Amino acid sequence: MPLLPPAVSDPGSRLRFFISSEHTIKQLRETVMHLNNLMPILSDINIVPVNTAARLSQFIKLPWSLYQADPCWIPPLLFELRQRLNSKKNPFFEHADVAMWLALRDDKVVGRISAQIDHLYLKQYADDTGHFGMFEAENDEEVAVALFAVAEQWLEKRGMKRVCGPFNLSINQEAGLLVEGFDSPPSIMMGHGQPFMEHLLLSAGYKKVKDLIAYKYTEGLDKGSFKEIKTVAVKYAQRIKIRPFNRKESNREFEIMHDIFNDAWSNNWGYVPCTDAEFKEIASMLLLFSNDDLIQIAELDGQPVAFVVAIPNINEAARDLNGRLFPFGWLKLLWRLKVNFPKSARMILMGVKKLHADTGLRPLLGFKILEKVQKALFKSGIREIELSWVLEDNLGARSTVKIFGGVEYKRYRLYDKNLL
């Protein structure tokens with residue numbers, strides 16, 4: 001397929017070209033060599049689509065070669081990654097189009113990227129924005145530029161005018177590039193990264209659009225200052241009930257939590273509604289590792305209005321499994337969770353219905369459910385809890401977390417770029 005005449009002023013600018021099955025940068029160079037002051041670029045890099053099982057395996061396993069010397073990197077569970085990237089297993093694919101590519105140099109995989117068009121997002125915002133994700137690469141601007149060029153071309157060809165990310169694969173899954181907090185391992189379902197990766201995005205023309213903050217606390221809620229909350233608590237003492245998840249009625253409980261989640265998050269930046277299938281998929285997975293006391297639901301006058309889900313930090317227990325649950329990884333993981341419980345956990349889902357977001361009830365409801373979960377975690381031997389993630393401009397949520405004693409310790413960043 002013929003190349004589009006590219007508009008390139010430096011190696012960090014966007015390179016426009018079509019990709020069919022495999023496309024060499026040597027062909028691209030022939031098209032752009034006539035431009036003044038342009039040095040030959042990317043001469044030995046091939047971009048290939050992930051369209052076979054073998055390519056998908058290479059895509060999934062790339063981080064093993066990139067992070068082998070990083071003591072804070074924890075191999076992700078291969079089973080979970082394969083599920084996430086399987087169009088027949090992940091409900092996200094029911095409303096999204098996804099493409100993935102690898103960057104090869106001398107047949108060695110040196111980078112990867114995905115591009116997504118989420119039709120639920122487009123229905124929500126109608127702003128012709130596509131997304132990128134799963135970005136990993138060696139510290140090489142040329143590799144990054146080539147990968148982003150492919151993803152952008154794919155998105156632009158399908159009518160997108162802007163690209164934002166990284167989302168792996170959506171905002172309701174892993175989101176953001178780690179930019180602060182490289183000195184500690186990531187918590188469960190949170191990403192890791194290398195300091196040079198932000199430079200790679202900037203070199204490809206991306207700019208910051210939003211930060212996501214991860215907090216941790218180790219001292220317990222009783223260390224915070226709750227004078228105002230306690231005043232409100234007296235007023236509502238008889239009207240608020242906090243109860244644990246009822247596993248016998250799990251379908252009904254999922255519906256309650258799903259309703260609260262979509263309502264609570266609907267005004268947040270980048271919000272995309274979580275479908276029934278997606279929420280059940282996430283909740284069912286969390287139930288494998290979480291017990292009923294780590295899921296608390298708040299009721300006001302008998303009506304569910306808030307919930308929180310905590311999960312033991314599986315990364316801590318799975319660190320030496322090298323991502324493998326089979327044949328004996330599952331047994332090791334379950335044994336460790338039962339006998340040698342992790343010392344850390346993550347508050348992974350939380351929501352308070354909008355009706356109470358701007359009232360004194362919000363911090364009170366948050367306090368009540370977090371207090372219950374914290375007691376259950378501490379009883380299990382947990383001593384460090386991560387609360388993540390919180391949007392940098394969600395000042396209400398951030399102030400509430402700080403009241404609880406939360407300290408910012410990791411920061412993830414989202415970027416965007418106009419395609420026109």
Side-chain angles (χ1 to χ4, degrees), residues 3-20 22-29 31-32 38-39 41-50 55 59 62-63 66 97-105 109-118 128-169 174-179 191 193-210 412-420:
L3 297 173
L4 288 174
V8 180
S9 58
D10 60 73
S13 300
R14 184 171 77 257
L15 311 179
R16 299 172 178 264
F17 56 100
F18 287 114
I19 302 298
S20 53
E22 295 194 2
H23 192 89
T24 67
I25 304 304
K26 291 179 181 179
Q27 293 172 293
L28 176 62
R29 193 206 308 173
T31 305
V32 300
L38 180 63
M39 297 296 291
I41 58 174
L42 310 179
S43 61
D44 59 346
I45 298 171
N46 290 346
I47 304 300
V48 299
V50 176
R55 291 292 192 211
F59 187 93
L62 173 61
L66 298 178
D97 302 320
V98 180
M100 296 175 285
W101 298 269
L102 294 170
L104 306 179
R105 179 184 284 120
V109 179
V110 293
R112 74 180 191 189
I113 200 168
S114 69
Q116 304 92 246
I117 297 177
D118 185 344
D128 296 326
T129 294
H131 301 113
F132 75 90
M134 307 302 295
F135 174 65
E136 296 282 1
E138 293 183 351
N139 188 8
D140 189 326
E141 288 185 24
E142 295 177 344
V143 172
V145 169
L147 285 168
F148 280 106
V150 174
E152 292 163 13
Q153 172 64 43
W154 185 87
L155 291 169
E156 194 169 358
K157 184 179 178 181
R158 287 157 180 79
M160 299 299 102
K161 299 177 182 177
R162 172 177 171 265
V163 57
C164 182
F167 296 109
N168 304 334
L169 293 166
E174 284 184 16
L177 179 76
L178 184 68
V179 293
Q194 302 184 74
F196 63 77
M197 291 182 68
E198 180 173 41
H199 172 74
L200 295 182
L201 267 75
L202 297 176
S203 71
Y206 285 79
K207 66 182 189 307
K208 171 191 168 180
V209 64
K210 196 73 65 175
Y412 297 81
R413 185 158 294 164
L414 294 166
Y415 305 80
D416 73 350
K417 178 180 180 180
N418 292 327
L419 296 179
L420 296 179

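The figures that follow rest on heavy atoms only: side chains count, while hydrogens, waters and symmetry mates do not. Source: prediction; values computed, not measured.
Annotation: side chain of Asp118 is not in contact with side chain of Phe167 (no heavy-atom distance under 4.5 Å). Glu156 has its side chain out of reach of Lys161: every pair of non-hydrogen atoms, C-beta onward, lies at least 4.5 Å apart. No side-chain heavy atom of Ile113 sits under 4.5 Å from any side-chain heavy atom of Val150. By the 4.5 Å heavy-atom criterion applied to side chains, Leu169 and Met134 are counted as neighbours. Counting only heavy atoms from C-beta outward, the side chains of Phe148 and Val163 never approach each other to under 4.5 Å. Contact of the Leu104 side chain with the Val109 side chain is registered, since non-hydrogen atoms from C-beta on lie closer than 4.5 Å. A 4.5 Å side-chain heavy-atom check between Val48 and Arg55 finds at least one atom pair inside the cut-off. Side-chain contact check for Arg105 versus Glu138: some heavy-atom pair is nearer than 4.5 Å.
Here CD of Glu136 is found 10.5 Å from CG of Leu200. Values are rounded to the nearest 0.5 Å. Taken to the nearest 0.5 Å, the CD atom of Glu141 stands 10.0 Å off from the CG atom of Leu202. Put simply, NE2 on His131 and SG on Cys164 are 5.5 Å apart, with the number rounded to the nearest 0.5 Å. Annotation: the span from Leu102 atom CG to Ile47 atom CD1 amounts to 8.5 Å, rounded to 0.5 Å. Glu198 contributes atom CD, which lies 3.0 Å from atom OH of Tyr415 (distance to the nearest 0.5 angstrom). Here CZ of Phe132 is found 16.0 Å from CE of Met100. Values are rounded to the nearest 0.5 Å.
Residues meeting the salt bridge (charged side-chain N to carboxylate O under 4.0 Å, His left out) test with Lys208, sequence neighbours left out: Asp211, Glu392. Residues that satisfy the side-chain contact (heavy atoms from CB on, under 4.5 Å) test with Gln194, not counting sequence neighbours, are Leu66, Tyr67, Phe196, Met197. Residues that satisfy the side-chain contact (heavy atoms from CB on, under 4.5 Å) test with Ala115, not counting sequence neighbours, are Trp101, Ala151, Trp154, Leu155.
In terms of heavy-atom proximity, Val143 sits nearest to Ala137 at CG1-CB, 4.1 Å. Heavy-atom minimum distance, Ile45 versus Ala103: CG2-CB, 4.3 Å.
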Problem - Criterion ring pair (Phe, Tyr, Trp, His ring centres under 6.0 Å) on Tyr206 and Phe135, from CA distance to verdict - result: CA-CA 13 Å; Tyr206 285 79; Phe135 174 65; 8.9 Å; no
Exercise for the section: Starting from the C-alpha separation in whole Å, work towards a yes-or-no answer on salt bridge (charged side-chain N to carboxylate O under 4.0 Å, His left out) for Asp128 and Arg162. Expected result: CA-CA 6 Å; Asp128 296 326; Arg162 172 177 171 265; over 6 Å; no
Exercise for the section: With side chain to side chain contact (heavy atoms under 4.5 Å, CB included) as the test, would you mind laying out the steps for Met160 and Ile117 before giving the verdict? Expected result: CA-CA 8 Å; Met160 299 299 102; Ile117 297 177; 4.0 Å; yes
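Between Lys417 and Glu152 there is a salt bridge, since at least one side-chain N of the basic residue sits less than 4.0 Å from a carboxylate O of the acidic one. A salt bridge is defined here as a Lys NZ or Arg NE, NH1 or NH2 lying under 4.0 Å from an Asp or Glu carboxylate O, and Lys207 with Asp416 meets this definition.
Side chain of Arg112 to backbone of Phe59: a donor-acceptor contact under 3.5 angstrom is found. Here the side chain of Ser114 pairs no donor or acceptor atom with the backbone of Ala99 at under 3.5 angstrom.
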